[in-house]
Peer 1: 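I'd like to ask you about the structure that follows.
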Number of protein chains: 2
Amino acid sequence: MPPSQKTPAAEIKYTVEDIQSEILHRICFLDYAPGEQLKEAELAAEFGVSRTPIRDAIGRISHLGLVETRNGVGTVVVALSTAQIRHVYDMRLELATLIGTLSPRPITQADREAVQTLLCEAKVLQGAFDPRSYIEINHRLHEWITSLIGNDTLRSFWWQTYCQAASTWYRLSNERSCDMAKALVAELNDLNTALDVGDATAIGYIQRTHIGYGYQRIKTHLLATETDEGAASARVVSGLRNQKTA
Amino acid sequence: MPPSQKTPAAEIKYTVEDIQSEILHRICFLDYAPGEQLKEAELAAEFGVSRTPIRDAIGRISHLGLVETRNGVGTVVVALSTAQIRHVYDMRLELATLIGTLSPRPITQADREAVQTLLCEAKVLQGAFDPRSYIEINHRLHEWITSLIGNDTLRSFWWQTYCQAASTWYRLSNERSCDMAKALVAELNDLNTALDVGDATAIGYIQRTHIGYGYQRIKTHLLATETDEGAASARVVSGLRNQKTA
DNA sequence: AACGGATAAGCTGCATACAGGTTTTGAGTC
DNA sequence: GACTCAAAACCTGTATGCAGCTTATCCGTT
């Protein structure tokens, strides 16, 4: 787990998969903010490997559209355009309802405990907010939800849209801390209720509901009033990306 | 367009993206059948590049689960397990209905002509069936449907599931030629009707319907009676893949 | 003849050198 | 001082060599 520690002395052998998920993790967690440049040589030094596996790892996440590599320039983290954010969220709203429909796995006692734990932590967070903790609790919630999905394809798509939505969504946690914590507690409370009944379908619809709320917050505070300097710089980059996508 | 011609003399510079889509194309079109081994050195010689861009291209399609690379062994094309086929088709049934829902682009006269052309070709095919022609007409139909999708994320997912379903689905065209051609004509007829009304939503539901039929054919002729020797050898490989996925 | 083990062949994984492209810098000129 | 253009710095893209792993082969033994 080398998200914070740079582990130069550790003799651990990193696989391409490790590096891939670590880079993606850093993008989702805003360790790499939109606009930031990823240098292959730098990462290679950090992970104690050559540029080759780094290139490989970056190439393998390129299909998510979160990074853009240009010859002679570098690999930059791109923020999604407003249109892309809309597309991702519209899709997530649809996928959410399928979580409980497409052969979900049975709910166990461990699930109830997992959500209980998250709920406690979220309540603590409500008292003393910290963006990083918020992101981490949310991430673990997402991992749990994903584990419910029995359909491999849906699980893959659900994860992809999460990664795409995360960096935009988590940008909010720097300014709307109060709302975010309250919303998270509310979501976990709803999930808790559904778990008592053991209704997997309900979990999907609860997800849908709260994704809708989150989308609304993004529209209100990020898309409507573009006050965030990160969003401003990112808009230029994503503009470039659009013309290539189209 | 080097699917059939091996173009050793041509001085064209292939980008990694070219190679990537070409390899994927060959897998979908069954030029590379499940179980076949892709050798980096071989492909490198064919495209007139070194192993590096070939590796890059293969790595970029690895997330689809259609190829599996093992150290010291090679990269083999894998057939999806029966569970994975079910997952992909269940997902495609859901995605199909979203085509007309999630901001599709307007239908033009060019669309009507495109489908008309395909319908004519399909009717010809019905008289004299040829697996390759069937695959190509179907592929162009898929490209057209994809072009209707206005939501970037949905378009990406739709394409991914097509690639995953294609090689399984097209395996049928070798044995059930008559059914397949008739079904294709019927599908195009339905689409033709929907286009006259200009109803994009209907197109999505028509897709859903015919994907359901295709799924049924696969269940009947591939999954129930495992007579195909390709499927038998592929099952071993995909078995390996499963334990890794899980 | 059947079996076991060393060896050779063949593949991918990684490191490194170099080529090609882009941006920045700085000297020279008007 | 502002502007132009060349060169240097820095990045990614590609080729290549070697190390490591896996499998097939073949010889020696039982």
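No hydrogens, no waters, no symmetry mates; every other heavy atom, side chains included, goes into these values. Remember, it's a predicted structure, so these values are computed and weren't measured experimentally.
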Peer 1: Using only heavy-atom distances, determine whether the side chains of A:Thr52 and B:Arg55 contain a donor-acceptor pair under 3.5 Å.
Peer 2: no
Peer 1: How close or far is atom P of C:dC14 from atom CD1 of A:Ile54, stated in whole angstroms?
Peer 2: 10 Å
Peer 1: Decide, yes or no, whether a salt bridge links A:Asp31 with A:Arg132 under the criterion of side-chain N to carboxylate O below 4.0 Å.
Peer 2: yes
Peer 1: B:Thr69 side chain: which of C:dT12, D:dT16, D:dT12 is closest?
Peer 2: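 Ranking C:dT12, D:dT16, D:dT12 by closest atom to the B:Thr69 side chain puts C:dT12 first.
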Peer 1: Counting heavy atoms from C-beta on, name the nucleotide in D:dA15, C:dT12, C:dG20 closest to the side chain of B:Ser50.
Peer 2: D:dA15
Peer 1: Do NZ/NE/NH1/NH2 and the carboxylate oxygens of A:Arg26 and A:Glu22 come within less than 4.0 Å?
Peer 2: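 A salt bridge links A:Arg26 with A:Glu22.
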Peer 1: Side chain of A:Gln37: nearest nucleotide among C:dG13, C:dT16, D:dC11?
Peer 2: D:dC11
Peer 1: Can you figure out which of C:dA15, D:dC21, D:dT12 approaches the side chain of B:Asn71 most closely?
Peer 2: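 When the side chain of B:Asn71 is considered, D:dC21 is the closest of C:dA15, D:dC21, D:dT12.
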Peer 1: So what does B:Leu38 hit on the nucleic acid, given a heavy-atom distance under 4.0 Å: a base, only sugar-phosphate, or nothing?
Peer 2: sugar-phosphate
Peer 1: Whole angstrom is fine here: how far is it from CD in B:Glu68 over to C1' in C:dT12?
Peer 2: 14 Å
Peer 1: Could you pick out which residue, A:Gly48 or B:Lys39, lies toward the 5' side of DNA chain C when each is mapped onto its nearest nucleotide?
Peer 2: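 The 5'-side residue here is B:Lys39.
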Peer 1: Tell me whether the side-chain N/O atoms of B:Arg70 come closer than 4.0 Å to OP1 or OP2 in C:dT12.
Peer 2: no
Peer 1: On DNA chain C, compare the nucleotides closest to A:Pro53 and A:Val73; which residue's is nearer the 5' end?
Peer 2: A:Pro53
Peer 1: Can A:Asp111 and A:Arg105 be counted as an ion pair, charged N to O under 4.0 angstrom?
Peer 2: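 So A:Asp111 pairs with A:Arg105 through a salt bridge.
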